[in-house]
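What follows is a single structure, written as structure tokens, with notes after it.
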Amino acid sequence: MRLMNKFWIILGHTYMTRIKTKSFIITTLLSLLLIIGLVNIQSIIDMFSNDKADQIVVIDDSNELFEPLNELVEQSNEKVELTSYNGTVEEAKQAVQNEEYKAFINLSINKKQLPEATYYANNVSETGNQLFIEQQLQQLKVSYATEQAEIDAATLAEINAPVSFQTVALDKTAKTDEELNQARGIVYVMMFVLYMAVIMYGNMIATDVATEKSSRVMEILISSASPVTHMFAKIIGIALLGLTQIGLLLVVGYTQIRSKQDELTEGVFTYFGIGDMSISIYVYAIVFFILGYLLYGTLAAMLGSLVSRIEDAQQLIMPMTFLIMIAFFIAIYGLSMPESSLVQITSFIPFFSPIIMFLRVGMLDIPVWEVALSIGILVATIVLLALLGAKVYKGGVLMYGRSSSLKDFKKAIALSKKE
Amino acid sequence: MTLKIEDVTKRFGSHTAVDALSLEIPEKEMFGFLGGNGAGKTTTFRMILGLLDRTEGNISWNGEAIHYDKSHLIGYLPEERGLYPKLTVKDQLIYLGKLRGMKKIEVVDKLTGWLERFKIPEYMNKKVEELSKGNQQKIQFISSIIHQPKLVILDEPFSGLDPVNVEMLKEAVIDLKDKGTSIVFSSHRMEHVEELCEHLCILHKGKQVVQGSLQDIKRSYGRKNLIIHASFPLDFLQSFPGVVTYKNVMEGCRLQIESEAISQDIFQALQGKGFIRKFELEEPSLNDIFIEKVGASYE
């Protein structure tokens with residue numbers, strides 16, 4: 001009872017002091033802003049762009065092209081407005097130079113009875129308008145040309161229709177294209193979230209422990225609560241902090257997306273497949289995330305207990321950062337080659353398996369025993385690391401020296417032993 | 001509530017930090033650990049608290065091993081002082097107090113009292129890093145005794161304090177003892193131990209050199225100091241039987257003699273030689289005993 005009590009006190013303290021720090025509040029707010037910004041990106045772009053349509057004047061030498069072209073332009077979403085100009089070509093050019101209009105188009109019909117145009121603007125690379133006008137005119141030209149060739153509209157539509165092309169997986173258990181896309185989406189999310197969590201919160205754990213060591217408050221702490229209690233309270237406390245942060249981002253992100261659903265569902269979110277996925281994939285995601293976090297968290301706490309200065313903590317957790325980076329890169333490779341032997345092997349190696357095995361579960365149909373084995377190895381490694389970590393922690397927190405090498409592991413373990 | 005240390009040895013690899021230490025620290029008393037750097041004081045304390053495992057021997061308090069379930073009864077001031085620099089005094093003490101089984105409201109109540117006693121009530125909501133070293137040390141001291149422990153271990157409690165603060169802390173320590181707390185403290189300052197402790201032990205390179213009550217130690221030591229101020233040369237006393245050491249001082253000499261009785265022989269021998277302004281027999285100081293036992297002074 002008392003032991004649990006202390007666990008909660010340390011956990012609460014870790015959580016509360018961290019959540020009140022300026023850096024935490026600032027990063028959370030920035031992330032929130034980023035999310036809101038991303039979701040509302042279209043409105044933001046609209047806000048900054050000029051609402052008024054670009055004014056373009058036209059002199060139509062043929063007297064028949066202006067009307068159909070204007071019709072095409074009005075049908076499109078582009079913010080361009082064409083007006084017929086009642087003056088000479090020279091006057092029109094002058095007007096553009098005086099910036100009364102954005103551009104000036106001189107339309108005519110050539111010898112082959114096809115439309116052609118000259119586009120005048122102060123700066124031809126300034127806007128995408130010329131390209132747009134060119135496309136519209138091209139369309140006009142095609143209809144002129146087909147008319148001359150006496151091809152009817154139906155035939156034309158057939159020529160332009162895309163070819164019919166379907167993929168069918170013959171293996172009944174294989175995932176469909178759609179399923180694969182969805183899995184890829186959620187694996188992406190998992191990859192980034194775990195990567196960020198390890199880098200950010202792993203770092204936090206290590207510096208927290210290192211801070212307590214460097215300020216020498218550690219000796220008082222471990223004289224009141226056992227190092228193991230202390231270590232796990234710290235790891236879980238920061239995990240809860242991470243959940244608070246991620247949860248906040250998810251809630252804000254979700255509500256934002258909901259309010260914008262019409263605009264967005266067609267875009268990115270079909271690709272990410274957050275629509276209708278089987279429950280099991282979410283369960284796997286949570287299990288692998290928690291195990292992955294615990295593994296890296298324990299490693300971070302152990303490394304943090306070895307240094308006596310905060311600056312050294314950064315240096316010592318480098319190997320940990322490398323591990324998660326390697327896992328990240330294998331996962332990127334695995335997204336396109338989920339069946340390669342590299343992915344297969346690394347899905348059983350503890351520091352990679354949280355991401356890689358999850359990737360395999362999502363993208364392939366693999367036997368349950370493989371997943372179970374991978375989780376088993378992961379859990380066993382966490383337990384081993386926790387036991388080792390507790391030893392290192394017990395010795396490490398009393399150890400003050402200048403060096404910050406891996407030799408200290410041995411020293412720390414020796415210090416926690418009887419002789 | 002006796003603290004018993006039986007035949008405790010701690011080895012770090014081939015180095016023996018504490019060698020077969022046996023002690024009994026009585027309840028409600030103040031017990032002093034004396035020794036220079038590397039004598040094994042801190043290692044012993046850490047073993048008592050269970051921060052380090054002993055290689056051999058046994059430590060018990062009131063017949064039971066000390067575990068974390070007793071930490072609310074124990075207070076500890078480590079030699080390496082440390083608090084959270086970014087936390088306020090109040091938040092800091094609330095956290096540390098809770099870990100020792102206190103409630104928040106009790107902590108604030110007690111802390112207010114202690115800060116007033118140490119004449120620093122305005123530091124309640126200040127961050128620790130803004131405090132001077134001496135004041136940080138007072139806060140640290142408060143953190144080790146705020147939960148009214150039954151056993152307090154103070155590792156060099158007075159080092160780095162000015163004389164006024166040393167007195168303030170000494171009074172607090174004596175008060176604590178009077179209220180029934182057993183106090184173990186270490187120092188390399190002989191006079192602090194001499195002034196405060198009924199019982200003490202002197203450690204040297206991990207070995208226990210002297211142990212017992214202050215009076216017994218002094219009595220069994222036997223030797224006394226004799227100070228003579230006279231108007232005539234006293235050099236002849238150098239070879240006087242029973243004189244151990246001889247040292248010239250400003251107005252005469254300072255002798256160490258084997259026993260009280262020798263002083264009477266000397267007194268006889270001085271008769272008729274001239275004017276004697278001072279003839280004083282003095283108890284040996286701990287410092288004398290230490291030098292004698294260890295063979296060298298470390299101060």
Side-chain angles (χ1 to χ4, degrees), chain A residues 1-18 20-24 207-230 233 237 308 310 391 393-400 410-419, chain B residues 9-17 42-43 45-57 66-88 91-102 104 128-129 136 140 143-144 147 149 153 155:
Chain A
M1 183 58 213
R2 269 213 107 75
L3 217 67
M4 271 326 265
N5 232 337
K6 280 176 189 170
F7 177 84
W8 290 112
I9 293 168
I10 299 170
L11 189 153
H13 175 83
T14 307
Y15 183 84
M16 288 315 291
T17 43
R18 268 286 173 181
K20 280 190 275 185
T21 55
K22 277 192 203 111
S23 61
F24 180 81
T207 45
D208 232 37
V209 175
T211 311
E212 280 173 358
K213 253 196 91 178
S214 70
S215 66
R216 311 255 171 174
V217 78
M218 193 58 112
E219 199 166 344
I220 303 182
L221 295 179
I222 61 160
S223 73
S224 349
S226 85
V228 183
T229 311
H230 185 255
S308 9
I310 306 166
K391 269 198 173 306
Y393 204 83
K394 194 176 177 203
V397 290
L398 291 179
M399 196 170 69
Y400 288 95
K410 274 206 214 143
K411 258 169 68 191
I413 292 170
L415 204 61
S416 72
K417 276 202 242 149
K418 287 197 168 210
E419 71 184 288
Chain B
T9 298
K10 176 71 192 176
R11 278 191 285 272
F12 295 111
S14 58
H15 171 68
T16 307
T42 300
T43 305
F45 290 164
R46 284 178 173 173
M47 282 193 287
I48 294 175
L49 292 162
L51 303 184
L52 285 175
D53 289 327
R54 52 204 175 268
T55 314
E56 282 162 30
I66 296 178
H67 282 307
Y68 285 110
D69 56 352
K70 295 204 176 60
S71 71
H72 60 292
L73 299 173
I74 297 173
Y76 178 42
L77 177 75
E79 183 185 13
E80 295 284 1
R81 313 277 191 260
L83 295 164
Y84 291 98
K86 303 274 179 208
L87 282 190
T88 63
D91 288 347
Q92 188 117 221
L93 270 283
I94 289 173
Y95 179 45
L96 296 176
K98 272 177 158 180
L99 279 179
R100 296 280 188 190
M102 291 178 85
K104 185 178 171 177
V128 166
E129 60 185 354
Q136 284 187 20
Q140 185 109 48
S143 82
S144 64
H147 53 295
I153 294 177
D155 204 347

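In summary, of the residues considered (A:Met218, A:Glu219, A:Arg216), a side-chain contact (heavy atoms from CB on, under 4.5 Å) with B:Pro78 occurs for A:Glu219 alone. If you run side-chain contact (heavy atoms from CB on, under 4.5 Å) between B:Tyr95 and each of A:Leu221, A:Val217, A:Thr17, only A:Leu221 comes through.
Across A:Ser223 and B:Ser71, no two heavy atoms sit closer than the pair O-CB, 3.9 Å.
Within the model, atoms CD1 of A:Ile9 and CD1 of B:Ile94 stand 12.0 Å from one another, a figure rounded to the nearest 0.5 Å. Taken to the nearest 0.5 Å, the NE2 atom of B:His72 stands 12.5 Å off from the OG atom of A:Ser224. Taken from OG in A:Ser226 to CG in B:Asp69, the straight-line distance is 11.5 Å, to the nearest 0.5 Å. To the nearest 0.5 angstrom, B:Leu49 atom CG is 11.5 Å from A:Ile220 atom CD1. Put simply, CG on B:Asp91 and CE on A:Met16 are 10.0 Å apart, with the number rounded to the nearest 0.5 Å. To the nearest 0.5 Å, the span separating OG1 on A:Thr229 from CG on B:Leu99 amounts to 10.0 Å.
Between B:Tyr84 and A:His13, the distance from one ring center to the other falls under 6.0 angstrom.
No donor-acceptor distance shorter than 3.5 angstrom exists from the side chain of A:Lys6 to the backbone of B:Arg100, with no hydrogens or angles considered.
B:Ser144 pairs by the side-chain contact (heavy atoms from CB on, under 4.5 Å) definition with B:Leu77, B:Phe141, B:Leu154, not counting sequence neighbours. Residues satisfying the ring-ring contact (aromatic ring centres under 6.0 Å, His included) test with B:Tyr76, not counting sequence neighbours, are none.
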